[in-house]
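To start, the structure under review is shown below, and the notes come after it.
The chains referred to below are lettered A, B, ... by the order of the sequence lines, with proteins before strands, and numbering in each begins at 1.
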2 protein chains.
Amino acid sequence: MLVDDHPLLRKGVAQLIELEDNLQVIAEASNGEEAIQKALQSQPDLIMLDLNMKGLNGVETLKSFKQADIGSKVIMFTVSDAEADVLQALRAGVDGYILKDSEPEELIEHINKAVQGELVISAPLTQILAKAFRPKVEKESILDTLTNREQQILRYISQGDSNKIIARKLDIAESTVKVHVKNLLKKINMRSRIEAALFVVENKLF
Amino acid sequence: MLVDDHPLLRKGVAQLIELEDNLQVIAEASNGEEAIQKALQSQPDLIMLDLNMKGLNGVETLKSFKQADIGSKVIMFTVSDAEADVLQALRAGVDGYILKDSEPEELIEHINKAVQGELVISAPLTQILAKAFRPKVEKESILDTLTNREQQILRYISQGDSNKIIARKLDIAESTVKVHVKNLLKKINMRSRIEAALFVVENKLF
DNA sequence: TCACAGCTACTACTTTAGTGGTAGTTTTAC
DNA sequence: GTAAAACTACCACTAAAGTAGTAGCTGTGA
């Protein structure tokens with residue numbers, strides 16, 4: 001099934017797909033709401049979903065698919081190589097993210113793989129994905145303000161350890177752990193260990 | 001600079017690199033400790049670092065570089081396409097992750113790009129990176145055991161909100177929030193809101 | 001209609017967490 | 001060799017978090 005608000009693009013892709021023996025376009029939709037209805041009716045194996053649409057956007061439409069228990073594979077098919085778009089789509093659970101400027105053969109290959117359950121991603125997105133895993137350089141300066149002991153304790157906090165457990169692991173008194181926690185929270189300007197823990201994991205410190 | 005515990009491989013790569021006018025191997029090392037010393041001496045623009053070495057492994061060596069304020073770019077050059085290895089390296093801040101079975105031209109191209117500050121990643125790793133962003137399907141069942149209200153509150157917890165703040169946001173009593181927190185912690189079998197918050201973000205629920 | 005799940009709210013209590021202050025010891029830096 | 005920073009530890013206190021039990025209200029499904 002093709003979902004895109006540009007009829008011409010749908011036609012182009014449809015023609016390309018119909019050239020393949022094992023592929024067939026069984027439905028089309030021009031927006032998210034329509035897509036949900038048609039998907040429920042026609043139960044496609046695979047849905048090619050545009051990211052930028054009026055009304056429900058691609059990610060929102062994808063989430064609606066899941067809620068409606070539509071089991072079709074979903075490939076995001078878009079021009080956007082923006083990091084935020086790619087990550088959002090992946091977090092929402094897409095089965096593929098393909099750029100519209102892909103070569104036709106590549107597109108067909110990706111479609112076939114996706115139907116078989118493989119996660120397909122356009123090659124130019126590799127760097128974008130890798131970047132998202134790297135620690136942000138500026139954030140390291142925040143760690144620099146902490147002493148070794150404080151960093152160590154922050155690491156334990158970000159693993160969910162209580163003060164008592166940290167004290168045991170470091171073989172120091174719980175009261176000492178509290179001192180360190182107090183000092184490090186003040187340094188990084190946060191009010192609770194939870195904020196600190198979430199900050200650590202979200203910014204991939206350590 | 002080349003760092004690898006196989007002399008033959010170093011020779012091969014060195015020969016390849018020396019063919020290029022703008023590239024030159026100015027140092028070699030066969031293990032992490034040696035690498036740190038030689039890097040401090042010769043200040044290379046780029047370090048090609050093997051991941052699997054005796055003594056300090058690649059990631060540990062990379063961390064030592066950072067601690068020693070060695071500003072060289074570092075490319076992890078390895079046979080491993082294991083998700084854990086790739087992610088660890090990226091989290092430690094490598095500037096590239098290249099598989100040893102890359103084509104020579106590709107290798108040279110990646111080296112040049114890395115020197116210019118670009119993050120270079122071997123194409124076959126795209127899927128591995130993308131997978132790491134997708135929610136794990138099995139984990140959704142844990143959410144299913146929670147009521148709507150409990151899910152809602154878990155979401156706030158994973159944003160670092162206190163019971164008091166959650167109560168305000170939902171316009172219910174703090175005592176009620178506590179009840180929900182108690183119940184949801186029991187359901188997901190955790191002992192504190194921190195564990196729950198970390199679980200949520202690590203598994204990309206919501 | 002009746003049982004049950006879900007949401008609400010309270011009391012009373014224990015356990016952690018966080019704040020502020022004091023203070024001794026050890027390392028590090030100049 | 002001395003001062004500063006780091007690490008240790010305690011006390012006393014307040015504030016959150018978490019536990020246990022009771023209970024009323026609402027909507028849903030049998």
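- One atom, CG of A:Leu184, and another, P of C:dA17, lie 13 Å apart when rounded to the nearest Å.
- Rounding to whole angstrom units, CG of residue A:Asn163 and P of C:dT15 are separated by 16 Å.
- Rounded to 10 degrees, the angle separating the terminal helix axes of the helix from C:dT1-D:dA30 to C:dC30-D:dG1, each built from five base pairs, is 50°.
- Between the P atom of D:dA16 and the CG atom of A:Leu185 lies a distance of 14 Å, rounded to the nearest Å.
- Distance, B:Ile165 CD1 to D:dA15 P: 15 Å, rounded to whole Å.
- Side chain of B:Arg91 to main chain of A:Phe133: no donor-acceptor pair is present (N/O by atom type, distance under 3.5 Å, no hydrogens or angles).
- Contact of the B:Asn31 side chain with the B:Asp5 side chain is not registered, since no non-hydrogen atoms from C-beta on lie closer than 4.5 Å.
- When each of B:Glu174 and B:Thr147 is assigned the nucleotide of DNA chain C bearing its nearest heavy atom, the one mapping closer to the 5' terminus is B:Thr147.
- Rounding to whole angstrom units, CD of residue B:Glu150 and P of C:dT8 are separated by 11 Å.
- Mapping B:Ile153 and B:Lys178 onto DNA chain C by nearest heavy atom places B:Ile153 at the nucleotide closer to the 5' end.
- Comparing A:Ile172 and A:Ile194 by the nucleotide of DNA chain D that holds the closest heavy atom to each, the one mapping nearer the 5' end is A:Ile172.
- No side-chain donor from either of B:Asp85 and B:Asn52 sits under 3.5 Å from a side-chain acceptor of the other.
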Below 3.5 Å is the cut-off: list the nitrogen or oxygen pairs between protein and nucleotides 22-30 of chain D, distance only.
none

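- If you take CG of A:Asn148 and C1' of D:dA5, they are 12 Å apart, rounded to a whole angstrom.
- Atom CG of A:Leu170 is separated from atom P of D:dC7 by 11 Å (rounded to the nearest Å).
- The side chain of B:Thr176 approaches C:dT8 more closely than any other nucleotide in the set D:dA17, C:dT8, D:dT8.
- Regarding A:Lys164, its NZ atom lies at a distance of 8 Å from the P atom of C:dT15, rounded to whole Å.
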